[in-house]
Trainee: 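Below you'll find the structure I mean.
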Amino acid sequence: MASTDSDPEDAITKEEIAGTAPAPAPETAGVSQGTKRNAFTELMSPKTKTAKDSAPEPKTLASTRGALTRSFKERDGLGAYTHDPAAFPPSRVIYYTDDFVAINDMYPKASVHALLLPRSPARSRQHPFDAFEDPAFLAAVRAEAAKLRRLVAKELRRRYGRHSAQERAREAVLDGEAELAEGEKTLPRGRDWERELLVGVHAHPSMNDLHVHVLSPDMVSECMRHRKHYNSFHTPFLVDVADFPLAADDPRRHPGKAGYNDRDLVCWRCGENFGNRFKQLKEHLAVEFEEWKKE
């Protein structure tokens with residue numbers, strides 16, 4: 001599909017597809033430069049590259065289309081990143097290699113929301129259900145998603161570690177308020193932020209280029225504006241990369257028939273059912289967000 005024509009199974013709006021919806025600054029809901037610098041040596045191979053600091057900051061995807069990227073319109077918009085990742089600022093492109101590009105989502109649906117974009121000419125334009133039938137490609141995507149997952153987890157720790165009960169011992173050592181126990185050489189492990197992340201693909205992708213979502217579960221974002229925004233991440237509409245390849249009779253192969261995005265709105269943390277009351281859910285999620293950070 002190459003236009004913004006409405007599709008009832010789309011998880012995003014026509015304006016988001018076109019790249020014309022208002023977008024927050026990427027550093028407010030993505031992996032920060034500080035986290036990237038601190039994690040670079042640990043996570044990245046020598047072939048990993050980062051976007052140039054001098055690149056201008058785009059406000060919308062449409063505004064980034066220069067001579068090399070203007071052909072990547074609407075549902076093809078993510079292709080601009082895989083085609084020329086160096087053309088984008090480091091606040092948008094987290095890193096890139098010959099095989100993958102990791103970006104901060106322009107329209108994040110959670111407090112931290114990144115995308116992993118394969119650059120494989122043979123697979124990047126396929127539906128993920130088809131592309132992930134290739135064992136070698138699936139293994140490569142899982143390995144790269146694990147790298148991005150660690151980076152997103154580090155960003156959550158950077159932002160919220162000071163609030164978390166599970167991080168207190170670690171934070172105390174970092175703040176100089178406590179010392180490592182005798183014989184210990186590493187910091188207390190603290191909270192397992194990686195375990196809490198969502199890592200998967202939409203059963204019905206709204207954009208044509210294959211992309212894997214890596215995001216925090218909180219769903220607190222100014223871009224989380226619709227029922228389908230929420231349900232596309234907290235129902236089986238989001239298919240974990242660990243679940244592939246799917247069985248031929250897996251109901252997630254037919255998300256429209258399953259009606260995932262039309263389901264009642266249910267809080268991901270406490271299980272309260274809000275029916276179709278999106279405004280009330282969003283208010284509730286803000287409260288749950290503060291409690292989640294404290295865990």
Side-chain angles (χ1 to χ4, degrees), residues 4-18 20-24 28-30 75 104-115 128-129 149 152 156 159-160 163-164 193-207 211-243 246 250-295:
T4 60
D5 291 345
S6 179
D7 186 323
E9 293 186 41
D10 280 337
I12 58 178
T13 66
K14 291 193 296 183
E15 292 75 19
E16 288 172 316
I17 292 171
T20 57
T28 64
R75 294 183 190 272
N104 289 319
D105 197 311
M106 180 167 287
Y107 300 115
K109 301 306 186 290
S111 62
V112 182
H113 188 171
L115 299 179
F129 291 1
R149 184 176 193 155
V152 170
L156 291 177
R159 292 189 185 199
Y160 310 133
H163 305 294
S164 174
W193 297 97
E194 283 189 49
R195 180 184 60 81
E196 303 184 48
L197 297 177
L198 305 177
V199 182
V201 298
H202 281 154
H204 175 84
S206 298
M207 304 296 281
H211 54 287
V212 178
H213 296 270
V214 181
L215 68 159
S216 52
D218 52 84
M219 304 302 287
V220 172
S221 169
E222 64 183 84
C223 295
M224 213 281 285
R225 301 187 180 107
H226 301 282
R227 177 182 190 156
K228 62 184 178 181
H229 285 160
Y230 182 81
N231 277 345
S232 67
F233 290 102
H234 281 288
T235 69
F237 191 87
L238 184 74
V239 185
D240 196 304
V241 293
D243 292 349
L246 297 184
D250 193 305
R252 291 173 292 183
R253 289 185 177 275
H254 307 284
K257 182 178 179 180
Y260 298 129
N261 286 341
D262 294 325
R263 287 185 176 182
D264 286 355
L265 296 164
V266 177
C267 174
W268 66 273
R269 186 167 182 269
C270 74
E272 183 174 350
N273 190 321
F274 287 83
N276 63 358
R277 294 173 292 132
F278 180 78
K279 180 180 178 181
Q280 286 79 3
L281 170 71
K282 191 158 184 175
E283 292 171 350
H284 175 81
L285 291 176
V287 175
E288 290 285 18
F289 181 47
E290 298 304 316
E291 295 302 313
W292 172 72
K293 289 189 291 186
K294 296 175 185 177
E295 291 181 1

Trainee: Would Gln280 and His284 count as a side chain to side chain contact (heavy atoms under 4.5 Å, CB included) if you check the C-alpha gap in whole Å, the side-chain angles of each, and the deciding distance to 0.1 Å?
Mentor: CA-CA 6 Å; Gln280 286 79 3; His284 175 81; over 6 Å; no
Trainee: Nearest heavy-atom pair of Gly256 and Glu9: which atoms, and what distance?
Mentor: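 Scanning both residues completely, I find the closest heavy atoms to be N-OE1, 3.5 Å.
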Trainee: Does the side chain of Pro251 come within less than 4.5 Å of Tyr260's, by heavy atoms?
Mentor: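 Yes - at least one pair of side-chain heavy atoms lies under 4.5 Å apart.
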Trainee: Should the pair His113 and His213 be assigned to parallel (<30°), tilted (30 to 60°) or perpendicular (>60°) ring geometry?
Mentor: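 Rings of His113 and His213: tilted, as their planes differ by 30° to 60°.
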Trainee: To the nearest 0.5 Å, what is the distance between CG (Asp105) and NE2 (His211)?
Mentor: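 One gets 8.0 Å once the value is rounded to the nearest 0.5 Å.
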Trainee: With rounding to the nearest 0.5 angstrom, report the OH to OG distance, Tyr107 to Ser221.
Mentor: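 Between Tyr107 OH and Ser221 OG, I get 11.5 Å after rounding to 0.5 Å.
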Trainee: What side-chain donor-acceptor pairs closer than 3.5 Å can you find for residues 227-239, not counting sequence neighbours?
Mentor:
from, atom 1, to, atom 2, distance (Å)
Arg227, NE, Arg263, O, 3.2
Arg227, NH2, Asp262, O, 2.7
Arg227, NH2, Arg263, O, 2.9
Lys228, NZ, Ile12, O, 3.2
His229, ND1, Cys223, O, 3.2
His229, ND1, Arg225, N, 3.0
His229, ND1, His226, N, 3.2
His229, NE2, Glu16, OE1, 3.0
Tyr230, OH, Val266, O, 2.6
Tyr230, OH, Trp268, N, 2.8
Asn231, ND2, Asn261, O, 3.4
Asn231, ND2, Arg263, O, 2.9
Ser232, OG, Lys228, O, 3.0
Ser232, OG, His229, O, 3.0
His234, NE2, Pro217, O, 3.0
Thr235, OG1, Asn231, O, 2.6
Thr235, OG1, Phe237, N, 3.2

Trainee: Report the residues that fulfil ring-ring contact (aromatic ring centres under 6.0 Å, His included) with Phe278, sequence neighbours left out, ordered by chain and then residue number.
Mentor: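 By the ring-ring contact (aromatic ring centres under 6.0 Å, His included) rule, Phe278 matches no residue at all.
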Trainee: Check whether any side-chain heavy atom of Val152 lies under 4.5 Å from a side-chain heavy atom of Val199, and answer yes or no.
Mentor: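 Contact flag for Val152/Val199 side chains = no.
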Trainee: Between Tyr160 and His163, how do the two ring planes meet: parallel, tilted or perpendicular, split at 30° and 60°?
Mentor: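 The arrangement is tilted - the two ring planes meet at 30° to 60°.
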Trainee: Any salt bridge linking Asp240 with Arg252? Criterion: basic side-chain nitrogen under 4.0 Å from a carboxylate oxygen.
Mentor: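 Arg252 and Asp240: not salt-bridged.
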Trainee: Run the side chain to side chain contact (heavy atoms under 4.5 Å, CB included) test on Asp7 and Arg75 for me, step by step, so that the C-alpha distance in whole Å, both residues' side-chain angles and the decisive distance to 0.1 Å come before the verdict.
Mentor: CA-CA 12 Å; Asp7 186 323; Arg75 294 183 190 272; 4.2 Å; yes
Trainee: From His204 NE2 over to Asp10 CG, what is the distance, rounded to the nearest 0.5 angstrom?
Mentor: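 These two atoms lie 4.5 Å from each other.
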Trainee: How close do Leu156 and Ser216 get, counting heavy atoms only, and between which atoms?
Mentor: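 That would be CD2-CB, 3.9 Å.
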Trainee: Looking only at atom types and distance, does a side-chain atom of Arg159 sit under 3.5 Å from a main-chain N or O of Ser111, one as donor and one as acceptor?
Mentor: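 Side chain of Arg159 to backbone of Ser111, a donor-acceptor pair under 3.5 Å: yes, one is there.
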Trainee: Are Val241 and Arg149 side-chain neighbours, meaning at least one heavy-atom pair lies under 4.5 Å?
Mentor: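 Of all side-chain heavy-atom pairs linking Arg149 with Val241, none is under 4.5 Å.
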Trainee: So how far is it from Asp264 CG to Arg277 CZ, rounded to the nearest 0.5 Å?
Mentor: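 Rounded to the nearest 0.5 Å, the CG-CZ separation comes out at 9.5 Å.
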Trainee: Taking Ser206 for its side chain and Ala11 for its backbone only, find out whether a donor-acceptor pair lies under 3.5 Å.
Mentor: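 Looks like yes, one N/O pair under 3.5 Å.
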Trainee: Would you say the side chain of Met224 lies within less than 4.5 Å of the side chain of Leu285, judging by non-hydrogen atoms?
Mentor: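 Yes; the side chains approach each other to less than 4.5 Å.
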Trainee: Test: salt bridge (charged side-chain N to carboxylate O under 4.0 Å, His left out). Region: residues 285-294. Which pairs qualify, not counting sequence neighbours?
Mentor: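 Passing the test, one end in residues 285-294: Arg269-Glu288, Glu290-Lys293, Glu291-Lys294.
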